Amino acid sequence: MYQKRAIPAGMMIGLAGLLNLYLGGGVPGALAFGLGLLTVCVLQLDLFTGKMRLALEKKISIKELIIVFLGNFVGILIVGYLGTALSSNDTLIENAKSIM
């Protein structure tokens, strides 16, 4: 059950992070990341950070928490790979360096 909502959640956060890098951070990047989080909430997807509280309250098991974590990780990897594979310029690298 969790893996079906965890991978898209990771993809939304990955997409928000990638858009943040394309925009060069700052206020536009923060708005893009906020939009990604809002999308996760509206679509009721499962993020590790949200499920961590439930695990602390013992409302979900550690196994379910690990499934959500791995699903988020897979979703972020998919978007990261596609974003870098489709990028034909050094915008991402330069913006990441300037943000760091």
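Keep in mind that the numbers below use all heavy atoms, side chains included, and drop hydrogens, waters and symmetry copies. Start at 1 with the first residue, then count along the sequence. From a predicted model like this one, the values you see are computed outputs, not experimental measurements.
- Taking NZ from K51 and OG1 from T49, the interatomic distance works out to 10.0 Å, rounded to the nearest 0.5 Å.
- In this structure, NZ on K63 lies 10.0 Å from CD1 on I66, to the nearest 0.5 angstrom.
- Under the 4.5 Å side-chain heavy-atom criterion for grouping Ile, Leu, Val, Met, Phe, Trp and Tyr, M52 is connected to I60 within one hydrophobic cluster.
- Expressed to the nearest 0.5 Å, how far CG of L82 lies from CG of L15 amounts to 10.0 Å.
- When the side chains of ILVMFWY residues are joined at heavy-atom separations under 4.5 Å, either directly or via intervening members, I78 and V40 end up in two distinct hydrophobic clusters.
- Closest approach of A16 and G36 over heavy atoms only: CB-CA, 3.9 Å.
- L65 contributes atom CG, which lies 14.5 Å from atom NZ of K59 (distance to the nearest 0.5 angstrom).
- Both L54 and V68 are assigned to one and the same hydrophobic cluster, defined by single-linkage of ILVMFWY side chains at heavy-atom distances under 4.5 Å.
- Remark: I62 CD1 to I67 CD1 distance equals 11.5 Å, nearest 0.5 Å.
- Here L35 contributes atom CG and L19 contributes atom CG; the two are 8.0 Å apart, rounded to the nearest 0.5 Å.
- When the side chains of ILVMFWY residues are joined at heavy-atom separations under 4.5 Å, either directly or via intervening members, F73 and V79 end up in two distinct hydrophobic clusters.
- Hydrophobic clustering keeps L70 apart from I76 (ILVMFWY residues linked when any side-chain heavy atoms are closer than 4.5 Å, directly or through intermediates).
- The main-chain N or O of D46 is found under 3.5 Å from a side-chain atom of N72 such that the two form a donor-acceptor pair.
- Within the 4.5 Å cutoff, the side chain of L47 has heavy atoms near those of the L37 side chain.
- Heavy atoms from other residues, nucleotides or ligands lying under 6.0 Å from CD of E57 number more than 12.
- Of all the heavy atoms in R5 and Q44, the pair that sits closest is CD-O, 3.4 Å.
- Taking every heavy atom of both residues into account, L23 and P28 meet most closely at CD1-O, 3.6 Å.
- Crowding of F69 atom CZ: a count of heavy atoms from other residues, nucleotides or ligands under 6.0 Å not exceeding 12.
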